[in-house]
Amino acid sequence: MKVALIQMRVVAGNVIENRAHGLALAAEAAQKAEVIVLPEIWTIGYALKEIEQWAEEETGPTITALQLIARQSQVTIITGSLPYRRDGKIYNGAFVINPAGEIIGDYQKVHLFNLMGEQRFFAAGSKRCTFELQHTTGGLTICYDLRFPELFRATTQDGATVIFLPAEWPASRGSHWRTLIQSRAIENQIYICAVNCVGQHRENTFYGHSMIVSPNGDIVAEGTDEEAIIYGELDTGIVEQVRKGMSVWQDRRPELYR
């Protein structure tokens with residue numbers, strides 16, 4: 001399964017140009033990959049005071065355009081996260097679009113990042129997300145969720161062999177990014193596909209270094225701190241091999257973890 005990570009430059013508040021740029025990159029990636037993944041809140045960035053103005057419905061222009069790309073190129077698209085409205089609330093949420101252009105999964109960010117004031121602008125999600133992905137099961141998380149291993153363990157127990165993580169992660173915590181992604185992959189014996197953005201917002205420079213990490217913790221593909229489309233191959237068949245070689249799932253003691 002060939003995956004494309006869209007490590008794009010995001011300009012906070014520049015929604016029209018961000019959207020057009022992200023869609024162009026997704027269309028380009030769709031010519032080479034089977035699964036396309038965009039970063040966190042890539043249409044608006046951290047211009048959170050403008051969320052109310054730019055939050056979309058699920059049938060809004062961004063999702064509709066990505067559905068068209070998915071259908072025309074016969075690819076799966078992880079939309080990255082977007083500010084969107086549902087039931088009178090605004091969420092930081094991501095969607096999964098299959099090659100027929102249908103939405104087959106959605107996830108609302110569970111752990112809101114209080115240091116950036118997200119709780120003042122977004123409602124928190126309350127469910128995990130898994131979905132059918134070719135001959136396996138995918139899962140979805142968003143950015144700050146990476147610091148909560150329980151969510152990744154539970155999503156893996158739901159059947160996920162690859163978990164996607166759209167993010168806007170700063171360079172000041174770049175070492176955490178790498179360590180935590182590899183840890184989540186190793187401890188759950190799954191693939192992690194983590195997609196970061198590049199660029200700057202006020203004093204924060206985004207780290208880039210989007211990466212695909214294997215169930216053994218090996219880095220399959222990684223970007224730099226420059227805008228790029230990063231391509232990598234996933235062989236989900238090795239998940240079972242890794243689990244046979246290191247029997248942590250058989251040896252764990254869940255009765256002690258409550």
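You'll find the side chain of Asn92 reaches within 4.5 Å of the side chain of Ile41, heavy atoms only. Here the side chains of Ile63 and Leu82 are in contact, with some heavy-atom distance below 4.5 Å. Inter-residue side-chain proximity for Cys193 and Leu165 is flagged as unmet; no heavy-atom pair is nearer than 4.5 Å. Between Leu115 and Tyr144 there is no side-chain heavy-atom pair separated by less than 4.5 Å. At a threshold of 4.5 Å between non-hydrogen side-chain atoms, the residues Arg153 and Arg252 count as touching. Lys244 is listed as a side-chain neighbour of Glu240, based on a closest heavy-atom distance under 4.5 Å. The closest side-chain heavy-atom distance from Leu133 to Phe164 is below 4.5 Å. Side-chain atoms of Asn204 and Met116, non-hydrogen and from C-beta on, do get closer than 4.5 Å to each other.
Between the side chain of Gln189 and the backbone N or O of Pro215 there is no donor-acceptor pair closer than 3.5 Å. In terms of modelled atom types and a separation under 3.5 Å, the side chain of Asp235 and the main chain of Gly237 share a donor-acceptor contact. With Asn216 contributing its side chain and Asp218 its backbone, the two residues share no donor-acceptor pair below 3.5 Å. The backbone N or O of Arg202 lies less than 3.5 Å from a partner atom in the side chain of Gln200, making a donor-acceptor pair. A side-chain donor-acceptor contact under 3.5 Å links Glu118 to the backbone of Phe113.
Atom CD of residue Glu102 and atom CD1 of residue Ile104 lie 8.0 Å apart, to the nearest 0.5 angstrom. How far CG of Leu180 is from CG of Leu146: 4.5 Å, rounded to the nearest 0.5 Å. Taking SG of Cys197 as the start and CG of Leu38 as the end, the distance is 11.5 Å to the nearest 0.5 Å. If you take CD1 on Ile77 and CD1 on Ile103, they are separated by 11.0 Å, rounding to the nearest 0.5 Å. Atoms CG and OG1, from Leu23 and Thr62 in turn, are 6.5 Å apart once rounded to the nearest 0.5 Å. The CE atom of Met8 sits 6.5 Å away from the CG atom of Leu25 when rounded to the nearest 0.5 Å.
Taking both residues in full, the closest heavy atoms of Gln31 and Ala27 are given as NE2-O, 3.3 Å, listed atom of the first, atom of the second, then distance. The minimum heavy-atom distance between Thr141 and Pro166, with the atom names listed, is O-CD, 3.0 Å. Across all non-hydrogen atoms, the minimal contact from Gly117 to Phe121 is O-CD1, 3.2 Å. Across every non-hydrogen atom of Ala221 and Gly232, the tightest pair is CB-CA, 4.2 Å. The shortest heavy-atom contact between Leu5 and Ser210 is CD1-CB, 3.9 Å. When all heavy atoms of Gly139 and Ala160 are compared, the closest pair comes out as N-CB, 3.9 Å.
A salt bridge does not link Glu56 to Arg86: none of the charged side-chain nitrogens sits closer than 4.0 Å to a carboxylate oxygen. No salt bridge links Lys109 with Asp145; every basic N to acidic carboxylate O contact stays at or beyond 4.0 Å.
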Are Asp106 and Tyr91 close enough, and set up right, to give a side-chain hydrogen bond (donor to acceptor under 3.5 Å, both in side chains), and what steps lead you there? CA-CA 11 Å; Asp106 65 272; Tyr91 293 95; over 6 Å; no

Kindly determine whether Ile78 and Phe131 satisfy side chain to side chain contact (heavy atoms under 4.5 Å, CB included), including the steps that lead there. CA-CA 11 Å; Ile78 314 298; Phe131 54 92; 3.8 Å; yes

Before giving the answer on side-chain hydrogen bond (donor to acceptor under 3.5 Å, both in side chains), spell out for Thr161 and Thr236 the whole-Å C-alpha distance, their side-chain angles and the decisive distance to 0.1 Å. CA-CA 7 Å; Thr161 62; Thr236 54; 5.0 Å; no

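Taking the six-membered ring for Trp and the full ring otherwise, the centers of Tyr107 and Phe95 sit at least 6.0 Å from each other. Outside the 6.0 Å centre-distance limit, the rings of Phe148 and Phe152 are not counted as a close aromatic pair.
Counting non-hydrogen atoms of other residues, nucleotides and ligands closer than 6.0 Å to CD of Glu17 gives a total of 12 or fewer. For Gln157, the CD atom counts as densely surrounded, since its 6.0 Å shell holds more than 12 non-hydrogen atoms of other residues, nucleotides or ligands.
With hydrophobic clusters built from ILVMFWY side chains whose heavy atoms lie under 4.5 angstrom apart, Ile186 does not share a cluster with Val220. Note: the hydrophobic cluster containing Leu66 does not contain Val96 (ILVMFWY, side chain heavy atoms under 4.5 Å, direct or indirect links). Note on Ile230 and Val3: same hydrophobic cluster, where clusters join Ile, Leu, Val, Met, Phe, Trp and Tyr whose side-chain heavy atoms are under 4.5 Å apart, directly or indirectly. Clustering ILVMFWY residues whenever any of their side-chain heavy atoms sit less than 4.5 angstrom apart, transitively, puts Val10 in a cluster other than the one holding Ile44.
For Glu34 and Gln134, the side-chain atoms include at least one donor-acceptor pair closer than 3.5 Å. Between the side chains of Thr43 and Arg19, no donor-acceptor pair is found at a separation under 3.5 Å. For the residue pair Tyr84 and Gln108, a side-chain donor N or O sits within less than 3.5 Å of a side-chain acceptor on the partner. A donor-acceptor pair shorter than 3.5 Å cannot be found between the side chains of His21 and Arg9. In summary, the side chains of Thr137 and Thr130 do not present any donor paired with an acceptor at a separation below 3.5 Å, with no hydrogens or angles considered.
With side-chain heavy atoms closer than 4.5 Å counting as contact, directly or through intermediates, the hydrophobic cluster containing Val248 also holds Met246, Trp249.
Residues passing the ring-ring contact (aromatic ring centres under 6.0 Å, His included) test with His209, sequence neighbours excluded: Tyr207. Scored by the ring-ring contact (aromatic ring centres under 6.0 Å, His included) test, Tyr191 finds no partners at all (sequence neighbours excluded).
Here side chain to side chain donor-acceptor pair (under 3.5 Å) pairs that include residues 66-79, with residues two or more places apart or in two chains, number zero. Within the structure, salt bridge (charged side-chain N to carboxylate O under 4.0 Å, His left out) pairs that include any residue of residues 171-196 comprise Arg178-Glu222, Arg184-Glu187 (at least two apart or interchain). Sorted by first then second residue, the ring-ring contact (aromatic ring centres under 6.0 Å, His included) pairs that include residues 34-74, not counting sequence neighbours, number zero.
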